[in-house]
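Structure first, commentary second.
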Amino acid sequence: MKTVALFNDTGSQDHVGCRAVSRAHRGMLQDVGIRVGYSSGHDQWHELWQGSEAATCAAVRKAAVMESIRAADAVIVNGEGTLHHGFGPNLLGILQVAQEEGKPTFLVNALVQSCTHFLDTLARLTDCVGRDQASSAYLSGLGIRHRLVPDSILACPWSPEPSVDLSGKIVVTDWHPSRDADVGARLRRLCRRLGDQAAYYPLEHPDRASDWEHTVANWAAARVVITGRHHGVYLATLARVPFLAFPSNSHKIEGLLAMSPAPLAMGRDGLRMRIQIRRLLRDPAPCLALADHLQAQCPLQTFRELDACLQGGPFV
């Protein structure tokens, strides 16, 4: 059985989307008979970034992780929310060293925006998979060969049983911490105005460690979802509930909405937000169009090239 080293495995986070992506990756790899021989979490190996590409590669070669890189048949980085605005060069350094060791290298489920380091490494990947339209456009602008495949959350198995009753509620999620002053303020005001009509359901919270698998079933009974989270949009489409999304710390939500066959606007503030919510309740068709489009991409082809490279495929 072929084995891989998987970096930025987000399964230990108390975040619905992160746990779902981790579960999905493990399941898709298992389905094609590929074993994860080594994995590291989202909070590991940040110290390998040394301020330059050369120094970072030297640090990787001196680190204990080299043993796992050399033992693997291929090296995978989960690009979920990492490669943007200067974040993630440590992961690219790991890929660079893996390439120097002659290993096939894969970047999957990737958000890519405003990268300044290791662009040649990206160009030499065995396979690069962007997860949203904006990341795909950015990679195309760099001349980097890649594929566009929706977020791996779509491949996660979910519990069909709800754990809470959200019947008739307007579900309001959390937001990226960097948007607390604008998006957070808007959604807090919305919750206050809605009162008992609203149900606050943060995607990142200690409670999610025990109930994350029920999120889709929980949301299916809601009237509408208001979210500042990228995975909040995906969860709403899986639950087939209309949604209104607000921006995050990158172009990931805009890039997701751009994949929809029907126009979808970002959330507005104040009265305009309430008008948008009323429109969604009256006509959920644009949101359901995105849901249908995403489901049409399943089964996801995230690891198609990995399977072909290691085992001769075809990926199914």
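If you read the sequence from its start, that first residue is 1, and numbering goes on from there.
- In summary, the side chains of His15 and Thr10 do not present any donor paired with an acceptor at a separation below 3.5 Å, with no hydrogens or angles considered.
- Of all non-hydrogen atoms in Arg229 and Asp174, the two that sit nearest each other are NH2-OD2, 3.1 Å.
- Outside the 6.0 Å centre-distance limit, the rings of Phe106 and Phe303 are not counted as a close aromatic pair.
- Side-chain N or O atoms of Glu67 include none that pairs as donor or acceptor with a backbone N or O of Ala64 at under 3.5 Å.
- Judged by distance alone, the side chains of Arg35 and Gln30 never bring a donor and an acceptor atom under 3.5 Å apart.
- In terms of modelled atom types and a separation under 3.5 Å, the side chain of Asp73 and the main chain of Thr3 share a donor-acceptor contact.
- In this structure, Leu244 CG and Arg274 CZ are separated by 13.0 Å, a value rounded to the nearest 0.5 Å.
- In plain terms, the two heavy atoms of Cys156 and Ala24 that are nearest each other are N-CB, 3.8 Å.
- Under a hydrophobic clustering in which Ile, Leu, Val, Met, Phe, Trp and Tyr are joined whenever their side-chain heavy atoms come within less than 4.5 Å, directly or via other members, Val183 and Ile253 fall into different clusters.
- Taken to the nearest 0.5 Å, the OG atom of Ser22 stands 11.0 Å off from the CG atom of Asn109.
- Linking ILVMFWY side-chain heavy atoms closer than 4.5 Å, directly or via other members, places Tyr234 and Val241 in a single hydrophobic cluster.
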List, one per line, each side-chain donor-acceptor pair under 3.5 Å for residues 48-63, sequence neighbours excluded.
residue : atom : partner : partner atom : Å
Gln50   : NE2  : Glu47   : O            : 2.7
Ser52   : OG   : Ala55   : N            : 3.2
Glu53   : OE2  : Phe118  : N            : 2.7
Thr56   : OG1  : Gln50   : N            : 3.0
Thr56   : OG1  : Ser52   : O            : 2.7
Arg61   : NH1  : Glu101  : OE2          : 2.8
Arg61   : NH2  : Glu100  : OE1          : 3.1
Arg61   : NH2  : Glu101  : OE2          : 3.2

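- If you check the side chains of His146 and Ser136, you find a donor sitting under 3.5 Å from an acceptor.
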Between side-chain atoms of residues 193-203 and protein atoms elsewhere (two or more places apart, or another chain), which donor-acceptor pairs fall under 3.5 Å?
residue : atom : partner : partner atom : Å
Tyr201  : OH   : Thr215  : OG1          : 3.4
Tyr201  : OH   : Asn218  : ND2          : 3.1

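- For the residue pair Thr121/Gln96, the side-chain donor-acceptor check at 3.5 Å is satisfied.
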Donor-acceptor pairs are to be reported for all side-chain atoms of residues 277-284 against protein atoms at under 3.5 Å, with residues two or more places apart or in another chain.
residue : atom : partner : partner atom : Å
Asp283  : OD1  : Ala285  : N            : 3.2

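- Checking His230 against Ser248 by side-chain atom types alone, no donor-acceptor pair falls below 3.5 Å.
- Ion pairing between a basic and an acidic side chain is recognised when a charged N comes within 4.0 Å of a carboxylate O; Arg19 and Asp14 show such pairing.
- Ring centroid separation for the pair Trp158 and Trp219 does not come in under the 6.0 Å cut-off.
- The backbone N or O of Val32 lies less than 3.5 Å from a partner atom in the side chain of Gln311, making a donor-acceptor pair.
- Between Arg208 and Asp211 there is a salt bridge, with a side-chain nitrogen of the basic residue lying less than 4.0 Å from a carboxylate oxygen of the acidic one.
- Atom CE of Met266 sits about 6.0 Å away from atom CG of Leu257, to the nearest 0.5 Å.
- Summarising the geometry, atom CD belonging to Gln276 is positioned 10.5 Å from atom CG belonging to Leu264; distances are rounded to the nearest 0.5 Å.
- Remark: Arg304 does not engage Asp127 in a salt bridge, criterion side-chain N to carboxylate O under 4.0 Å.
- In the hydrophobic cluster analysis, where Ile, Leu, Val, Met, Phe, Trp and Tyr join through side-chain heavy atoms closer than 4.5 angstrom, Val233 is grouped together with Val21.
- For the atom pair CD1 (Ile153) and SG (Cys18), the distance works out to 9.0 Å, reported to the nearest 0.5 Å.
- Between Asp180 and Arg186 there is no salt bridge, since none of the side-chain N atoms of the basic residue sits less than 4.0 Å from a carboxylate O of the acidic one.
- Using a 4.5 Å cut-off on side-chain heavy atoms (C-beta onward), Pro150 and Leu300 make contact.
- Panel note: side chain Tyr38, backbone Val4; no donor-acceptor pair is recorded below 3.5 Å.
- If you check the side chains of His42 and Asn8, you find no donor sitting under 3.5 Å from an acceptor.
- Of all non-hydrogen atoms in Arg131 and Leu148, the two that sit nearest each other are C-CD1, 3.8 Å.
- Here the straight-line distance linking atom NE2 of His84 with atom CG of Leu111 works out to 5.0 Å at 0.5 Å rounding.
- Linking ILVMFWY residues whenever their side-chain heavy atoms come closer than 4.5 Å, directly or via other members, places Val16 and Val164 in the same cluster.
- With contacts defined as side-chain heavy-atom distances shorter than 4.5 Å, the pair Val75/Ile69 qualifies.
- Hydrophobic clustering, with ILVMFWY side chains joined whenever heavy atoms are under 4.5 angstrom apart, groups Leu235 together with Val225.
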